[in-house]
Every structure is written in C-alpha cells, then in structure tokens.
Amino acid sequence: MTVLERIRAFFDSPQRQAIGWAAIGILGLALLGGGMALVLGGGGGGSQRADPDSGRTLAATQIGSQATATNSPSSSPSASPSPEATSPSITPVAPQPQGGGGGGTSNPPTPQPTPVPTATPAPSGKYCPSDGGSSAPPNAVFGLVTIGGAAAPAGTVLALAFDGVPGPTATVTVEDGKAGYRMLYAGGGGDCANKVGAAMSLIVNGQAFSTGGLVGGGVALRFDVVVP
C-alpha cells in the first residue's frame, strides 16, 4: 500500500476527516502567524551568522568619521574677536577752563590788543616865550660850535627848537679861539611847542642837530654843535 492510499484509508471515516481539517487549519494559522512575525520583526526571527569582516568595516568607518570631523572647518577653533568688540571706546572730553580757586566756572582771559606803533605826531602849537612872571625857572642850553672842523665865526645864529618848532635864538661868540653859545628857555603849557616833554634840537645854517634833551629834563644842558 502506498502512502497516498494510507492517507485515504486514514480519512475514510467522517470523524478522522474532521480531525484532519482541524489540523490543517491550525497549521495554516501557525504559518500565517510566523509570516506576520517575520514581516513585523524585519526578518529577525532566524539566527544571523556573524561576519568577521563586519567588525573591521565598522571600526574603519568610525575612524574615517572621526578624521573627517577633525579636519572639518566646523571643528576649528573660533576666530578671535574683532578689534571693534574688544577695543574700549574713547569719548573725547572738551578741555575745562582753568578756575581761579572758587567753585564756579571762570571766564577765559580776554585777549589783549596788539600794540600798534604810532607815527610821531606832527609839530603842533607854537613856542611860548617866558613873560618873566612864570613860576617855572629858566633853563639853559650851552656849548661850543665848530663848522668844518674850525671854530664857528662870531655872530653865527643858532635857534633852539621844540619838537621841530623854532624858539629862542642866540649868536656865537669867539673867545681865545673858541666859539661858543648860550641861551635860556622855559617850559610852556600843554598847548605850547615847548611844553614839558618836548624834544629839543639846535638849528645851525639850516641843519637841525638833536640835543637828546627834553623840556623839564634838567636845568642846564651842554651840547656841542659840530657842523660838517
């Protein structure tokens, strides 16, 4: 008897057929559950064979990842802060005026005007002769007179000028071969040429020679006139 005939003989009775169909249904459910488990578990139901090269491949992959991370620009140290972020800001402070000792603010010094030289004023006024009643004592100017290296001739006229305004006159006298002169004058008021402080000069033969003296500067003044 063959295997197929044996199976047919086993399932001849209705009871055995029911048992067979039940066994087939249970086996089908078992196979369906196993297939679902394989699908949901990603094929993890069976045993996996260890690959000796997989460990070395994983290690090489990790080393390469570390080297890439080390050489990556993102792993480089951060750049130093810019000078604008680190340098302190400087605010200019206006200079404060120097104060005197009080607590208030002192005003800046007023600039002084630069002195401008003034020209010598033109002669003004006229010579005021002494009337003899003035309280101012008479002053004298005297000296020797030479013209061209020799004593001036007798009778040579000299005039005493005040700020260029001629005043009293005198004539030369000769004695012992020497020619000399002497004249008196007095100071006048503020509107006179011979006012106090006026410069005195002697005029001989149309030439003026400054004596270096001033009205009120002394009672007697000697000045030798030398005419070239």
Side-chain angles (χ1 to χ4, degrees), residues 89-228:
S89 61
I90 300 176
T91 303
V93 179
Q96 299 296 328
Q98 299 294 330
T105 303
S106 62
N107 295 326
T110 303
Q112 299 297 326
T114 304
V116 178
T118 57
T120 303
S124 62
K126 62 180 181 178
Y127 173 72
C128 299
S130 175
D131 55 4
S134 175
S135 60
N139 301 309
V141 179
F142 62 95
L144 299 176
V145 180
T146 58
I147 298 177
T156 303
V157 180
L158 292 85
L160 183 61
F162 303 90
D163 287 339
V165 177
T169 61
T171 57
V172 174
T173 60
V174 179
E175 185 177 349
D176 297 333
K178 294 180 180 179
Y181 74 98
R182 180 178 180 273
M183 67 180 66
L184 299 177
Y185 73 94
D191 56 347
C192 299
N194 54 326
K195 63 184 178 293
V196 176
M200 296 184 296
S201 60
L202 283 170
I203 301 175
V204 181
N205 292 342
Q207 300 183 49
F209 301 90
S210 174
T211 64
L214 302 176
V215 176
V219 176
L221 172 64
R222 176 172 178 174
F223 178 71
D224 296 331
V225 183
V226 178
V227 180

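Just the heavy atoms: all of them, side chains too, but no hydrogens, waters or symmetry mates, feed the values below.
Shortest non-hydrogen contact noted between Gly187 and Val215 is CA-CG1, 3.9 Å. When all heavy atoms of Phe142 and Ala220 are compared, the pair lying nearest together is CE2-CB, 4.2 Å. Across Ser210 and Ser201, no two heavy atoms sit closer than the pair CA-CB, 3.9 Å. The two residues Arg182 and Ala170 come nearest to each other via the heavy atoms O-CB, 3.7 Å. Scanning both residues, Phe209 and Val225, for their nearest heavy atoms gives CD1-CG1, 4.0 Å. Considering all non-hydrogen atoms of both residues, Ala161 and Ile203 come closest at CB-CD1, 4.1 Å.
Asp191 places no side-chain N or O within 3.5 Å of a backbone atom of Gly125 that could act as its donor or acceptor partner. Side-chain atoms of Thr156 never come within 3.5 Å of backbone atoms of Val172 as a donor-acceptor pair (strictly under, hydrogens ignored). Judged by distance alone, the side chain of Asp224 and the main-chain N or O of Leu144 form a donor-acceptor pair under 3.5 Å. For Asp163 (side chain) and Ala199 (main-chain N/O), a donor-acceptor pair under 3.5 Å exists by modelled atom type.
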List the steps and the verdict of side chain to side chain contact (heavy atoms under 4.5 Å, CB included) for Asn139 and Met200. CA-CA 12 Å; Asn139 301 309; Met200 296 184 296; over 6 Å; no
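Looking at heavy atoms from C-beta onward, Ile147 lies in side-chain contact with Pro153 at the 4.5 angstrom threshold.
Between Phe162 and Tyr127, the angle of the ring planes stays under 30°, which puts this pair in the parallel group of the 30/60° scheme.
Here the CG-CG distance, from Leu158 to Asn205, works out to 8.5 Å after rounding to the nearest 0.5 Å.
Residues that satisfy the side chain to side chain contact (heavy atoms under 4.5 Å, CB included) test with Ala154, not counting sequence neighbours, are Val174.
Tested against Phe223, the residues Leu160, Val145, Thr211 include a single side chain to side chain contact (heavy atoms under 4.5 Å, CB included) partner, Thr211.
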